[in-house]
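Every number for a ligand or one of its atoms is a count from 1 in the order of the listing. Atoms considered below: every heavy atom in the structure, side chains included; atoms not considered: hydrogens, waters and symmetry mates. Bear in mind that the values here come from a model prediction, so they are computed numbers and not experimental data. Positions are given from 1, in the same order as the sequence printed here.
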Amino acid sequence: MQQHFGGRPPNPRSVLLAEVAQATQRLADAGVPSPRNDAEELAAFVHGVKRGELHSVKDADFDARYWEVIARREAREPLQHITGRAFFRYTELQVGPGVFVPRPETESVVGWAIDAVRAMDVVEPLIVDLCTGSGAIALAMAQEVPRSRVHAVELSEDALRWTRKNVEGSRVELRQGDARDAFRDLDGQVDLVISNPPYIPLTEWEYVQPEARDYDPQLALFSGEDGLDLIRGLERTAHRLLRPGGVVVVEHADTQGGHVPWIFTEERGWADAADHPDLNNRPRFATARRAMP
Ligand SMILES: C[S@@+](CC[C@H](N)C(=O)[O-])C[C@H]1O[C@@H](n2cnc3c(N)ncnc32)[C@H](O)[C@@H]1O
């Protein structure tokens with residue numbers, strides 16, 4: 001017979017777990033992509049426990065506000081707007097209306113960039129994050145690349161209200177401005193430029209998930225008919241900022257892998273332009289090296 005130590009065994013029929021099962025079904029019916037994950041995350045959030053501790057919530061402590069947050073998620077409000085936080089690599093960020101919620105696929109873009117900077121063997125690498133949003137990329141780079149000097153730029157004042165809170169106390173130097181004209185004082189000195197810019201073609205508006213279309217800022221999503229307007233501008237910024245041998249890393253849509261590397265041409269002074277997949281093996285980011293003179 002199974003023995004339990006230190007109190008009552010977890011009750012698989014607890015009120016909360018039964019409500020979570022019901023909520024999962026409601027979210028699935030509403031088309032939420034990961035219904036069980038979100039039902040459990042919201043239960044943990046409302047009851048102030050970790051997801052793995054849901055079984056320990058006593059029946060008498062079930063909080064009916066759970067159904068209020070489930071109704072919001074059912075209406076496709078992003079999970080991260082409801083909880084007010086997003087996780088990105090080893091950081092936790094504050095997010096909400098006005099700022100883009102960082103996505104898991106960007107984590108592999110940052111992973112590649114960290115490896116690239118480490119391989120450079122520069123003592124205090126100079127890194128620039130263009131279009132920083134919540135500051136997710138810049139903060140991860142600062143945290144994971146020891147002695148790096150990380151600069152970030154964001155255009156939207158609404159987004160910056162969140163970015164400022166997130167970068168407070170970190171090594172990230174934040175500026176407001178247009179990425180196409182930013183950091184003239186760093187021209188020719190930067191080791192790595194990284195960006196997850198807006199890249200969705202305007203023509204794809206109707207296919208965008210409601211969480212993004214209705215809650216992420218439009219400025220964070222769309223960039224011209226083919227989605228590449230800003231990436232073309234960022235090529236010029238990266239060209240200006242990077243030292244010879246420096247590297248640019250730009251995220252793009254999974255349909256753009258055949259286009260973005262071609263923006264970084266040899267005629268413009270680039271070498272080793274390549275495209276890379278994310279963890280789901282979908283084309284996700286392009287990289288190129290500023291050629292030696
Ligand atoms: C797709 S979001 C990415 C945010 C963040 N880098 C991330 O990965 O979570 C793009 C961001 O670019 C900002 N943005 C758009 N156009 C810009 C521009 N011309 N200059 C600077 N930032 C811009 C948007 O406000 C938004 O925060």
Could you list the atoms of ligand 1 found under 4.0 angstrom from a heavy atom of [X]?
{"X": "Ser156", "value": "25 (O)"}
{"X": "Gly177", "value": "20 (N), 21 (C)"}
{"X": "Ala220", "value": "1 (C), 2 (S), 10 (C), 24 (C), 26 (C)"}
{"X": "Leu230", "value": "16 (N), 17 (C), 19 (N)"}

Taking all heavy atoms of [X] and all of [Y], pick out the closest pair and write down the distance.
{"X": "Arg213", "Y": "Glu206", "answer": "NH1-O, 4.2 Å"}
{"X": "Pro198", "Y": "Ser223", "answer": "O-CB, 3.5 Å"}
{"X": "Ala179", "Y": "Leu130", "answer": "CB-CB, 4.0 Å"}
{"X": "Gly135", "Y": "Leu93", "answer": "C-CD2, 4.3 Å"}
{"X": "Arg284", "Y": "Asp275", "answer": "N-OD2, 4.1 Å"}

So which protein heavy atom does [atom] come closest to, and at what separation?
{"atom": "atom 5 (C) of ligand 1", "value": "Thr132 O, 3.3 Å"}
{"atom": "atom 19 (N) of ligand 1", "value": "Asp178 OD1, 3.0 Å"}
{"atom": "atom 24 (C) of ligand 1", "value": "Glu154 OE2, 3.4 Å"}
{"atom": "atom 22 (N) of ligand 1", "value": "Leu155 N, 3.3 Å"}
{"atom": "atom 15 (C) of ligand 1", "value": "Leu219 O, 3.4 Å"}

Expected output: side-chain Arg289 to main-chain Ala273 donor-acceptor under 3.5 Å:
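It does not hold such a pair.
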
Any heavy-atom pair between the side chains of Leu42 and Arg73 that's under 4.5 Å?
yes

Name the option, out of Pro217, Pro198, Ala179, that contains the heavy atom nearest to atom 20 (N) of ligand 1.
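Looking at heavy atoms only, Ala179 sits closest to atom 20 (N) of ligand 1.
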
Option whose closest heavy atom lies nearest to atom 6 (N) of ligand 1, chosen from Gly133, Pro102, Ser195, Cys131:
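The option holding the nearest heavy atom is Cys131.
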
Among Leu192, Val190, Asp191, which residue satisfies the side-chain contact (heavy atoms from CB on, under 4.5 Å) criterion with Ile127?
Leu192

Value rounded to 0.5 Å, distance of CG in Asn196 from CD in Glu105:
8.0 Å

What part of Arg103, side chain from CB on, backbone N/CA/C/O, both or neither, has a heavy atom under 4.0 Å from ligand 1?
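No part of Arg103 comes within reach of ligand 1.
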
Asn196 N/O to ligand 1 N/O under 3.5 Å
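The answer is yes, given that Asn196 and ligand 1 share an N or O pair closer than 3.5 Å.
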
